[in-house]
Amino acid sequence: MLAIVAALGALLGAVALPCAPAQAQTTAALPFPPPVQERVSVLNARLGLHPDKTRLVLELTDSVPFTVSVHGSPYRVVVDLPDVSWPGGNTVMAGKGVVARYRFEGRDGGASRLVVETDGPARVVESYLIPSRDGFKPRFVLDIARTTPAQFAASAPVAATTSTASVSREAARPPAKRDPIVPVAAALPPPVPPRAAPVPEKPMVVVDPGHGGIDPGAVGVGGVYEKDITLAMARELKRQLEGSGRYRVRLTRDKDVFIRLRDRVAIAREANADLFLSLHADSIGSANMRGLSIYTLSDRASDREAEMLAAKENRADALAGMDLSSENDLVASILIDLAQRDTMNHSKRFANMALEHLGREVKLIPNKPHRQAGFAVLTAPDMPSALVEMGYLSSPQDVSLLSKSAHREKLGRGMVRTIDAYFKWLTGAQKS
């Protein structure tokens, strides 16, 4: 996650307020039975990554009471609800951040349960309900953060926070300020002795082998397919990066399958990638043109992407860790633009470093090896991205080199040195 996005997220936070409890009313006996209330439904669910927590938001047709509890063996957070309808909610849904996966269950006696499995010991930071207002439906918000096994064990085995009041549409009125959130733990755990600072998580590098499956990409001299060259190089780069012990690595594909361009970006964002590299090998009409080049996103394509992301229907997932759906047009556009410009600057910095290090190992194209274009895989606004054209498959010499494991190993070493230099620079920039 980029530093600027984290800072903006911490500054703005979640501006929504939880609901106020319904006021008790006394009425005379009614001559007719009250109308049957419609069953509350879940309209949408989404996960957002924040610098210090993972947020799960459920959009509802009406407000409901809830109870939240934390469990171990396995680690999970359970939200008990009344009888709620969630079409398709019984499917296990993939998580992100501290959330490994989550699912919805119907319960006996007209009750429902949301089970959020975590990837380790976790605690509930907050849980609250936002009433319907400003054109938005009611929303249940659950913020979960990682904790240590010792802190988890020191707290109550099952700790819960409960909202007992269901707020009707008529009674929902945002209070002047948020009522204090009931702590998740029934009592504060005893002080934990000072522990060594946690080891920072290794950077996540997502490598994207271009094309695949029904899309062979360029067809080179001798009938070689671009999709095969890119996959072989991606596997070699993954091997070297993981072998260094300094990085976590994920491939968008590790076999000959077709993946849509936007899905490749989505895979990287779901992995919370710190760097996204797409590998390609172009082909043109000339056999004399050869060498490596690297692309980053052009300003024009960036402007189009920012305009699309600023649309209201896209804001919930526009920036990792920030839900901009409740922000006005001006604020949302400014935040997206700032994050995107910062990302583009990081991408350009990486590209320049790549040409410096790779130029010592392989031939670069003679004219402007750093180029800018509107490739769809480069459009993430919050993830530094670069597309590496490793050579031209229309060149017999480049085809011969890219087909050899020794050349791919040498190219991989240059990329690892580039990635090392980039994250060394990034660490220094974040400390300054």
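These figures come from a predicted structure and were not determined experimentally. Here, residue 1 is the first one in the sequence, and each next residue gets the next number.
Applying the side chain to side chain contact (heavy atoms under 4.5 Å, CB included) test between Phe276 and each of Ile267, Leu387, Thr252 identifies Thr252 as the sole match.
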Derivation and outcome, side-chain contact (heavy atoms from CB on, under 4.5 Å), residues Val416 and Leu237: CA-CA 8 Å; Val416 171; Leu237 180 56; 4.1 Å; yes
Step-by-step side-chain contact (heavy atoms from CB on, under 4.5 Å) determination, Leu47 to Val99: CA-CA 9 Å; Leu47 284 171; Val99 176; 4.1 Å; yes
Derivation of the side-chain contact (heavy atoms from CB on, under 4.5 Å) call for Arg55 and Val57: CA-CA 6 Å; Arg55 168 166 293 176; Val57 179; 3.6 Å; yes
Derivation of the side-chain contact (heavy atoms from CB on, under 4.5 Å) call for Val219 and Ser283: CA-CA 7 Å; Val219 180; Ser283 179; over 6 Å; no
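In this structure a side-chain-to-backbone donor-acceptor pair under 3.5 Å is present from Ser347 to Ser385. Using a distance-only test at 3.5 Å, with no hydrogens or angles considered, no donor-acceptor pair links the side chain of Lys96 to the main chain of Gly48. In this structure, Glu226 contributes its side chain and Gly217 its backbone to no donor-acceptor pair below 3.5 Å. Within the 3.5 Å criterion, the main-chain N or O of Arg413 finds a donor-acceptor partner in the side chain of Gln240. Side-chain atoms of Ser403 never come within 3.5 Å of backbone atoms of Ser400 as a donor-acceptor pair (strictly under, hydrogens ignored).
Screening residues 393-402 for salt bridge (charged side-chain N to carboxylate O under 4.0 Å, His left out) gives Arg290-Asp398 as the qualifying pairs, with residues at least two apart or on separate chains.
At a threshold of 4.0 Å, the pair Glu117-Arg101 counts as salt-bridged, since one of the basic side-chain nitrogens sits closer than that to a carboxylate oxygen.
With a 6.0 Å radius and a threshold of 12 heavy atoms from other residues, nucleotides or ligands, Tyr225 has its OH atom at or below the threshold.
Annotation: Phe140 is not in aromatic contact with Tyr128 [ring centroid separation under 6.0 Å not met].
In this structure, the separation between OG1 on Thr147 and OH on Tyr75 is 9.5 Å, given to the nearest 0.5 Å.
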